[in-house]
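First comes the structure, then the notes that go with it.
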Number of protein chains: 2
Amino acid sequence: MEGQINCSDCTNKLCYIQQHCSPNWVSILSASKNQLWYKKGQYIFREGDRIFGLYFVERGKVKIISTGLNNKEQIVRLATTGHVIGHRGYGSETYPIGAVALEDTQVCFLDNEIIYDAFMNNPKFTIALMMFYSFELRKTEIRERHLAQMTIREKIADTLLYLKEIFGMNSADGSLSATLSRQEIADIAGTSAEQVIRELSDFESEKLIAKNGRKLLLLNVDGLFKIVAAHNRNRYSAAWHSIDSNSFPQN
Amino acid sequence: MEGQINCSDCTNKLCYIQQHCSPNWVSILSASKNQLWYKKGQYIFREGDRIFGLYFVERGKVKIISTGLNNKEQIVRLATTGHVIGHRGYGSETYPIGAVALEDTQVCFLDNEIIYDAFMNNPKFTIALMMFYSFELRKTEIRERHLAQMTIREKIADTLLYLKEIFGMNSADGSLSATLSRQEIADIAGTSAEQVIRELSDFESEKLIAKNGRKLLLLNVDGLFKIVAAHNRNRYSAAWHSIDSNSFPQN
DNA sequence: GTAAATTCCTGCGAAAACTCAGATTCTGTC
DNA sequence: GACAGAATCTGAGTTTTCGCAGGAATTTAC
């Protein structure tokens, strides 16, 4: 089941390796990489693990978590096809965060040594990775303000929009592609599951969303935007929630 | 007053350019850079400004802010000597954040074009920048959890420790090197100035700190650590609040 | 398809945090 | 050193958010 696909046969066109490494280095990394499959709920890495390399998400959905008091999880970031999780470590550094598959997920792992050689020989690859982290940093800084300043209602509306932007929704019925538990939505919004449930019920009675079991349908995306709009004057853009590698500089 | 110092005469040994570019490129960048001075309170760049390049902090203290509803500021990050603020932009991208000098500050500016050429020709420089952003991202992710899960008391204790780690304190009397207003402390902790004042009074009566006008003295750093320790089991380290460029890989 | 387990939902009392108003202290300037 | 303006401090009422408990619905396992 876990045959290693060669990069030349890979269908993921968002992969930084494919996009920014020389053909020669694509071959080298293709031979060096370790393709891994994770089932829903499995850890890709845990807080405290030694860092051995980088993970490139080829397919699937991942939550990046930081665990606090009483094992309360905070989901600090979501990742999907084309994203990078983990980071090159140094010394005996360990991950301060963990990564868990939200559905069946495939990643390519490259260890510290080979990735360092790839960086040294493929400047555009390194630049692309640098801009990825820089971009994620800016997004996280905006989220930092949102967590500090938004009301619960606003945080939950913001979370639904975040889920739509990163994982997408079915344009026919408006159903979100990712189905998270109420607790997981709370772990993104920074509140409790009860508050999420209450607010989702309010949104439903306001015809902003509909519930189909655990699955959520966004009936009125503009209405959700209006709830958070005052916090994003002049600068809110879907770009803050999505990756568009084609926007990266190619000059 | 604003004579351009040559990089070869610069005393900032934490500068990524000095550390990771070839001698030839240090000369090129030295000639291309624009040294800028900012007085306390001045903007280095504002939210909405076009992005023209990168700023390297040579000396001073800087707050990175994100402005929300009713112009309420969130300080998302603090920076000092050796840090990079801003980031390479693409297209007509604008800053979603602003940077303000907390005291008289000197920065070196390099525009997008020259920095791109430097990246293409100095792989170690690019890697160092990539790791800087990656490291800042991890720190911001931890802060994200803290903002979501800590009580006001804990957030304020955490903020005092953050100020100590990033800007330092006088080891003789324990006074923090940076003097921020109560409102600015609130803008870091994610609360109101009143709550900060109340909590600082509590800390004072508990002999954890002393107040000397606006200046704060940390009398019992361990005591402050104990307040936040439960949120940082197994992994809290001063490293999360400071930059040590010597830890970056040199191999 | 049925049962067990988990997740979801609702109400309510308690706790935490917020905001306003007014008094006091500090800071910078002349 | 005195003054004006700004920042800090304190109290009190209000609002928001939390967290438990119990019941309903949904999902999972067999």
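In what follows, chains are A, B, ... by sequence order, proteins preceding strands, each numbered from 1.
For K40(B) and dA7(D), the NZ to C1' distance is 12 Å, given to the nearest whole Å. The interatomic distance linking L147(B) (CG) with dT17(D) (P) rounds to 16 Å, in whole Å. In this entry the distance linking CZ of R198(A) with C1' of dA24(D) reads 16 Å, nearest Å. For the pair R182(A) CZ and dG19(D) C1', the interatomic distance rounds to 19 Å; values are reported in whole Å. Rounded to whole Å, the distance from CD1 on I197(A) to C1' on dG23(D) is 13 Å. E199(A) places its CD atom 11 Å from the P atom of dC18(D), with the value rounded to the nearest Å. With rounding to whole Å, I209(B) atom CD1 is found 13 Å from dT8(D) atom P. Taking atom CD on Q195(A) and atom C1' on dG19(D), their separation rounds to 9 Å, with Å as the unit.
Of the candidates Y55(A), F56(A), Y38(A), Y55(A) is the only one forming a ring-ring contact (aromatic ring centres under 6.0 Å, His included) with F109(A).
By the 30° and 60° cut-offs, the orientation of the rings of F45(B) relative to Y95(B) is parallel. Taking the six-membered ring where tryptophan is involved, the planes of F132(B) and H83(B) are perpendicular, since the angle between them exceeds 60° and thus also 30°.
Each of E194(A) and G213(A) has a nearest nucleotide on DNA chain D; the 5'-most of these lies closest to E194(A). Comparing R153(B) and K215(B) along DNA chain C, the residue whose closest nucleotide (by nearest heavy atom) sits nearer the 5' end is R153(B). Comparing N212(B) and S181(A) against DNA chain C, the residue whose closest nucleotide sits nearer the 5' end is S181(A). Comparing R214(B) and M150(A), the nucleotide of DNA chain D nearest to each residue sits closer to the 5' end for R214(B).
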Does the pair E206(A) and K226(A) meet the rule for a salt bridge (Lys or Arg N to Asp or Glu O under 4.0 Å), with working shown? CA-CA 13 Å; E206(A) 295 171 45; K226(A) 275 199 190 119; over 6 Å; no
Margin query: As a quick check of understanding, evaluate salt bridge (Lys or Arg N to Asp or Glu O under 4.0 Å) for R138(B) and E141(B), giving each step before the final call.
Written below: CA-CA 5 Å; R138(B) 282 174 273 162; E141(B) 285 168 344; over 6 Å; no
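Taking a heavy-atom distance under 4.0 Å as the criterion, the stretch of DNA chain C touched by chain B extends 5' to 3' from dA17(C) to dT27(C).
Other residues, nucleotides and ligands place no more than 12 heavy atoms under 6.0 Å from the NZ atom of K40(A).
For the residue pair H231(A) and Q149(A), no side-chain donor N or O sits within less than 3.5 Å of a side-chain acceptor on the partner.
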